[in-house]
> 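Got a structure here, written out as structure tokens. Questions coming.
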Amino acid sequence: MAGAGLTGDPEATGVSGQGRQPRSGAPVVSAAMVPRWVEVHRLAVAGREPVIAREAGQQVAGVWLRRSRFADVVALAAATLTLGPDADALYALGWGRAATGHPRPALASYEQALRLFREVGDRAHEAATLSSIGIVHNELGDRQQALTYYEQALSIQREIGKRAGEWTILNNIGHVYDELGDRQQALTYYRQALAISREAGDRAVEAVILNNIGHVYDGLGDRQRALTCYRQALPIRQEVGDRAGEAATHNNIGAVYNGLGDRQQAVTYYRQALTIAREVGDRAGEAATLNNIGAVYDGLGDLQQALTYYRQALPIQQEVGDRAGEAATHNNIGLVYDGLGDLHQALAYYQQPLPVSREVGDRAGEAVNLHNIGAAYVGLGELRQALTYYRQALPIQQEVGDRAHEATTLNNIGAVYDRFGELHQALAYYRQALPIAREVGNRVGEAVCRNNIAMIHWARGDLDRAIAELEIVVDLERQVGHPDLESDTGMLEQALQERVTARKRSNHHVRLPRWWPLPSRLAPWFRRGSDR
């Protein structure tokens, strides 16, 4: 039931964690001056002074967006827009709506901003808005539409010769391919972006791209190369004073160590990320890191401590309007109750985020919710109901390219049929899951699949095949130090003895399929790119 550590999402630019800077020549307001600017904005709106309101709103939004005050930005931009259309306010409104889990209204705001930028011939901001629209489509799972908008933005950036904008779009295209599971293509785009950033001597940008390349290697299972990239990014972020980016990289290094099973080291890095997130006032980043720490304690079996961290994250996510993060935390709390044996409470928490995941277009999160609801029904003995939810989760996982969780669900569907006694159907699903588990490098998952296949062969009296699979199971479990190693070694010895003595298996062994629990899905790490 262990919660999974976060591998760290690639850093997209243009929305949700990265917006445009104020127009050239506009002073950048300090955090200390925000209350004055808020009052200026209030008075300007009340006095129907659109020029002052727009300037003040733009300055305040720039600070609030960096501090994850997305709901406040939505209210601020909406007030500005009472004085008439304004491209910057519409852009900020789109950003705030996207960050608070309202992608469709965000698209509407961006489309209006795009029209206004085009009317005045502002090509740079037209490209920025196209990029932001692309990011929302990507988050909705419409990858091809996202690529269409990114390509339009890239064409404009190259036309106007804005190299910084070019690397931004290349980075975002890489992000799409990463999410599609085409990691080699993702690396191609990220490396192009990296070359441009180094050519321009933009160290902050270089750190962003190194972080994203690290994310790809992590996804490929090459955690040492991922660590190398993250460790190259970290001192650059410290050098340029990018504290929020530094927190993100600490978070990602922690995720790698968690994936390597070094949970104490993971906690060390997560705590450093948490300290920085609090220091810079990034509430969304703080909540994501609290969630990650909770997942580590979940993996260590300290469920009460995990629950403590998840419950700290939840009100922050509610405060900043991070609906996708809130849904993920409900899911994780459900996993804790699942581990505590309170399946009815677990089911209640799993069911809460499902409509939110659907509303915000989080297809991967929806699949996790569906799978976990299915798993709870298995625990409650309602296998037909479990199968219904697993079958809803599977095509979504295939659609979004979530190969690791696809293997898990295939195995667990097989286990349901196994329990029904439909061994041929069960074996078909186990055999679909096995190559995927091997492809993604999940040795524990591979061992689970092979064990289940071995038990079916044993049930059919084919001891040679059963023994061949069990030998691999024992070897895999020895490699990862799995707690079932001793019992499975004993099972292998029993099968060998039975083959020698030709005793009937039914007198000596009771077979049950092994479930392959799906790790929790955490709130995506706050996406942050460098300033444009």
Side-chain angles (χ1 to χ4, degrees), residues 1-9 11 16-17 66-71 99-101 230 243-259 262-340 346 349-350 352-353 356-357 362 365 368-369 372 519-528:
M1 200 282 296
L6 186 63
T7 57
D9 276 3
E11 300 181 29
S16 297
R66 289 194 295 273
R67 292 178 174 269
S68 309
R69 292 183 61 176
F70 304 122
T100 54
Y230 291 148
R243 295 289 280 160
E246 184 183 346
T249 305
H250 275 114
N251 185 82
N252 291 350
I253 293 172
V256 173
Y257 278 115
N258 197 34
D262 189 344
R263 292 192 169 95
Q264 293 305 323
Q265 188 78 307
V267 168
T268 297
Y269 277 96
Y270 285 150
R271 289 192 187 282
Q272 290 179 64
L274 183 62
T275 298
I276 297 170
R278 285 172 169 165
E279 174 191 317
V280 300
D282 187 345
R283 297 287 277 164
E286 179 183 352
T289 309
L290 287 165
N291 213 340
N292 287 354
I293 296 171
V296 174
Y297 282 111
D298 195 344
L300 288 168
D302 189 343
L303 302 185
Q304 291 300 331
Q305 187 78 314
L307 204 54
T308 297
Y309 279 97
Y310 291 149
R311 284 178 170 159
Q312 288 181 58
L314 194 57
I316 299 174
Q317 290 162 333
Q318 292 167 338
E319 170 198 323
V320 301
D322 181 4
R323 301 184 73 217
E326 182 183 345
T329 303
H330 275 117
N331 178 74
N332 288 353
I333 293 172
L335 283 166
V336 172
Y337 281 113
D338 198 330
L340 291 168
Y349 274 97
Y350 291 151
Q352 284 185 61
V356 177
S357 297
D362 182 0
V368 169
N369 296 148
N372 288 351
S520 61
R521 177 185 179 276
L522 304 184
W525 177 256
F526 51 108
R527 292 175 178 164
R528 187 180 305 279

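Hydrogens, waters and symmetry mates play no part in the numbers below; they use all other heavy atoms, side chains included.
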> Do Asn331 and Tyr349 touch side chain to side chain, with heavy atoms closer than 4.5 Å?
no
> Sequence neighbours excluded, which residues qualify as side-chain contact (heavy atoms from CB on, under 4.5 Å) partners of Glu319?
Arg283
> To the nearest 0.5 Å, what is the distance between CG on Leu314 and CG on Leu290?
11.0 Å
> For the residue pair Asn291 and Gln317, establish whether any side-chain heavy-atom pair is separated by less than 4.5 Å.
yes
> Would you give the length of the straight line joining atom OG1 of Thr329 to atom CG of Asp322, rounded to the nearest 0.5 angstrom?
8.0 Å
> Applying side chain to side chain contact (heavy atoms under 4.5 Å, CB included), run through Gln352 and Asn369 and close with a yes or a no.
CA-CA 9 Å; Gln352 284 185 61; Asn369 296 148; over 6 Å; no
> Taking all non-hydrogen atoms of both residues into account, name the closest pair between Gly285 and Ala277 and its distance.
C-CB, 4.0 Å
> Given side chains that start at C-beta, do those of Leu307 and Gln304 come closer than 4.5 Å, heavy atoms only?
yes
> Starting from the C-alpha separation in whole Å, work towards a yes-or-no answer on side chain to side chain contact (heavy atoms under 4.5 Å, CB included) for Ile253 and Gln265.
CA-CA 9 Å; Ile253 293 172; Gln265 188 78 307; over 6 Å; no
> In the structure I gave you, are the side-chain heavy atoms of Thr268 and Tyr257 within less than 4.5 Å of one another anywhere?
no
> For Gln318, what residues pass the side-chain hydrogen bond (donor to acceptor under 3.5 Å, both in side chains) criterion, not counting sequence neighbours?
Glu326
> Keeping to residues at least two apart or across chains, list the ring pair (Phe, Tyr, Trp, His ring centres under 6.0 Å) pairs with something in residues 280-305.
Tyr297-Tyr309
> Checking Tyr270 against Asn258: is there a side-chain donor and acceptor pair closer than 3.5 Å?
no
> Examine distances only and state if a side-chain atom of Tyr310 and a backbone atom of Ala295 form a donor-acceptor pair shorter than 3.5 Å.
yes
> Which atoms form the tightest heavy-atom contact between Ala273 and Ala247, and what is the distance?
CB-O, 3.3 Å
> Can you tell me if Asp298 and Asn332 form a side-chain donor-acceptor pair at under 3.5 Å?
no
> Mind listing the closest non-hydrogen atom pair of Gly334 and Ala346 along with its distance?
O-CB, 3.2 Å
> Tell me, with the steps shown, if Leu335 and Tyr350 meet side chain to side chain contact (heavy atoms under 4.5 Å, CB included).
CA-CA 8 Å; Leu335 283 166; Tyr350 291 151; 3.1 Å; yes
> What's the shortest heavy-atom distance between Ile293 and Leu274, and which atoms?
CD1-CD2, 4.0 Å
